[in-house]
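In this chain, numbering begins with 1 at the start of the sequence shown. In what follows, every heavy atom counts, from backbone to side chain, and hydrogens, waters and symmetry copies are set aside.
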Amino acid sequence: MINESSVINKNSLPFLRWTGSKRWFTKNHIDKFLPPTFNSYHEPFLGGGAVFFHLQGKNNQAIRYYLSDTNEELINAYLQIRDNPSLVVAFLKNYNNNEIDYYKVRSSRPDLPAQQAARFIYLNRTSFNGIYRVNSHGEYNVPYGKRQRVDYVTEQLLLDVSDQLQGVNLIKQTFEKALFNIKANDLVFLDPPYTVAHENNGFIEYNQQLFAWEDQVKLRDFVVEIQNLGAYFLLTNASHKSIVDLYDGIGQIEKVSRISQVGGRNKTRGMYNELIITNII
């Protein structure tokens with residue numbers, strides 16, 4: 001078993017594998033987009049939390065951190081790591097990383113929040129590509145990933161993450177409700193599910209169910225409200241003409257390149273452009 005926690009810088013990486021992760025953004029681009037100073041930090045599409053952890057690693061002393069997402073299992077995992085890290089680790093140590101046990105854990109429905117968090121982390125780390133996907137009944141249905149050498153416990157990493165989450169406000173909610181806590185000179189990072197494919201490839205059908213075009217329009221209106229409050233916004237989105245048109249006249253738009261994070265083999269991956277939209281000058 002490889003002890004990943006022994007080689008991971010606790011102040012640089014999240015603890016989850018997450019489709020659409022912004023690790024590439026924190027590694028190569030984000031610092032040039034950050035304001036010199038800001039008050040509180042808000043992240044309404046938390047996911048893997050790459051930007052939050054990056055800011056923590058820079059020892060940025062924001063007044064408050066407000067992190068939220070609509071994924072209840074995700075938010076519970078963050079809450080339990082913040083409040084009960086040793087219990088989460090203890091439950092993780094009871095699991096085994098093999099195909100039979102994976103499907104047993106996947107079909108289980110634990111009652112304790114800490115055990116629910118351990119199940120979520122275990123499945124995230126041992127599933128195929130770390131994808132989070134549920135069926136029409138809300139049941140996680142991603143197959144076993146055959147990552148038999150991975151350290152799915154990472155005890156020290158989770159304890160370090162717990163330290164970083166102390167005092168952080170975590171809540172399950174839609175992005176619109178995050179507006180309540182946003183004040184002038186705050187920083188809001190927005191990383192919505194991408195509704196459109198990169199460049200000119202049209203709409204991504206499966207993401208229409210997660211974040212439809214109507215949600216993109218609501219997000220644009222939300223960004224306008226952030227700007228009207230005198231706060232900073234930093235938004236990532238797919239590089240697509242429809243997104244460029246949607247944000248015409250709102251902040252500045254810059255195109256950046258990244259390597260695709262999706263796909264089981266390197267030969268299926270390539271360079272893609274994404275849009276960074278911001279009022280930070």
Can you list the steps and then say if Val256 with Asn273 is a side-chain contact (heavy atoms from CB on, under 4.5 Å)? CA-CA 5 Å; Val256 297; Asn273 292 320; over 6 Å; no
Just do the side-chain contact (heavy atoms from CB on, under 4.5 Å) check on Tyr247 and Leu235 with the steps written out, would you? CA-CA 11 Å; Tyr247 285 89; Leu235 167 72; 3.2 Å; yes
Kindly determine whether Leu187 and Ile280 satisfy side-chain contact (heavy atoms from CB on, under 4.5 Å), including the steps that lead there. CA-CA 9 Å; Leu187 172 61; Ile280 304 169; 3.9 Å; yes
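- Across all non-hydrogen atoms, the minimal contact from Pro85 to Ser162 is CG-OG, 3.4 Å.
- Heavy atoms only, all atoms of each residue included: Arg106 and Val142 are closest at NH1-O, 3.1 Å.
- Ring geometry, Tyr65 versus Phe52: the interplanar angle exceeds 60°, so the pair is classed perpendicular (tilted spans 30 to 60°).
- Classified by interplanar angle (parallel below 30°, tilted 30° to 60°, perpendicular above 60°), the ring pair Phe33/Phe25 is tilted.
- Inspection of the Asn237 and Gln216 side chains reveals an N or O donor paired with an N or O acceptor under 3.5 Å.
- Across all their heavy atoms, Ala117 and Asn76 have their closest contact at N-ND2, 3.6 Å.
- Using a 4.5 Å heavy-atom threshold, the side chains of Leu190 and Val223 count as touching.
- The two residues Phe233 and Ile250 make their nearest non-hydrogen contact at CZ-CG2, 4.0 Å.
- When every heavy atom of Arg23 is checked against every heavy atom of Pro14, the shortest pair comes out as NE-CD, 3.3 Å.
- In this structure a side-chain-to-backbone donor-acceptor pair under 3.5 Å is missing from Gln115 to Pro110.
- A distance-only check finds a donor-acceptor pair linking the side chain of Tyr122 to the backbone of Asn96 [under 3.5 Å].
- No hydrogens or angles considered: nothing links the side chains of Ser127 and Tyr132 as a donor-acceptor pair under 3.5 Å.
- Judged by distance alone, with hydrogens and angles left aside, the side-chain atoms of Arg82 form no donor-acceptor pair with the main-chain N or O of Leu165 at under 3.5 Å.
- Counting only N and O atoms by type, the side chains of Glu43 and Tyr41 include a donor and acceptor under 3.5 Å apart.
- Scanning both residues, Phe222 and Ala178, for their nearest heavy atoms gives CZ-CB, 4.3 Å.
- Distance check, rounded to the nearest 0.5 Å: CG of Asn279 to CG of Leu234 gives 9.0 Å.
- A side-chain donor-acceptor contact under 3.5 Å links His240 to the backbone of Ser242.
- Checked by atom type and distance alone, the side chain of Gln148 never pairs as donor or acceptor with a backbone atom of Asn98 at under 3.5 Å.
- Through direct or indirect side-chain contacts shorter than 4.5 Å among Ile, Leu, Val, Met, Phe, Trp and Tyr, Leu112 is connected to Leu87, Phe91.
- Residue pairs meeting the salt bridge (charged side-chain N to carboxylate O under 4.0 Å, His left out) criterion with at least one member in residues 64-79, sequence neighbours excluded: Glu73-Arg119.
- Side-chain rings of Tyr232 and Phe38 stay apart, their centers remaining 6.0 Å or farther from each other.
- Between the side chain of Arg109 and the main chain of Ser107, a donor-acceptor pair closer than 3.5 Å is present.
- In this pair, Trp18 and Phe120 present their aromatic rings tilted. The plane angle is within the 30 to 60° band.
- Using a 4.5 Å heavy-atom cutoff, the side chains of Leu74 and Leu16 are in contact.
- Side-chain contact check for Arg147 and Asn97: no donor-acceptor pair (N or O, by modelled atom type) lies under 3.5 Å.
- With a 4.5 Å cut-off on side-chain heavy atoms, Leu55 and Thr26 do not count as touching.
- Between Tyr78 and Phe15, the distance separating the two ring centers is shorter than 6.0 angstrom.
- Checking side-chain atoms of Lys146 against main-chain N and O of Tyr144 turns up no donor-acceptor pair under 3.5 Å.
- Two residues are said to be in side-chain contact when any heavy atoms from C-beta on lie closer than 4.5 Å; Leu275 and Thr236 fail this criterion.
- Residues satisfying the side-chain hydrogen bond (donor to acceptor under 3.5 Å, both in side chains) criterion with Asp186, sequence neighbours excluded, are His42.
- Partners of Leu229 by side chain to side chain contact (heavy atoms under 4.5 Å, CB included), not counting sequence neighbours, listed by chain and number: Leu179, Ile182.
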Donor-acceptor contacts, no H, no angles, side chain residues 169-177, under 3.5 Å, sequence neighbours left out:
| from | atom 1 | to | atom 2 | distance (Å) |
| --- | --- | --- | --- | --- |
| Thr174 | OG1 | Glu176 | OE1 | 3.2 |

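- Within the 4.5 Å cutoff, side-chain heavy atoms of Val89 are placed close to those of Val153.
- Take Asp31 and apply the side-chain hydrogen bond (donor to acceptor under 3.5 Å, both in side chains) test, not counting sequence neighbours, and it matches His54.
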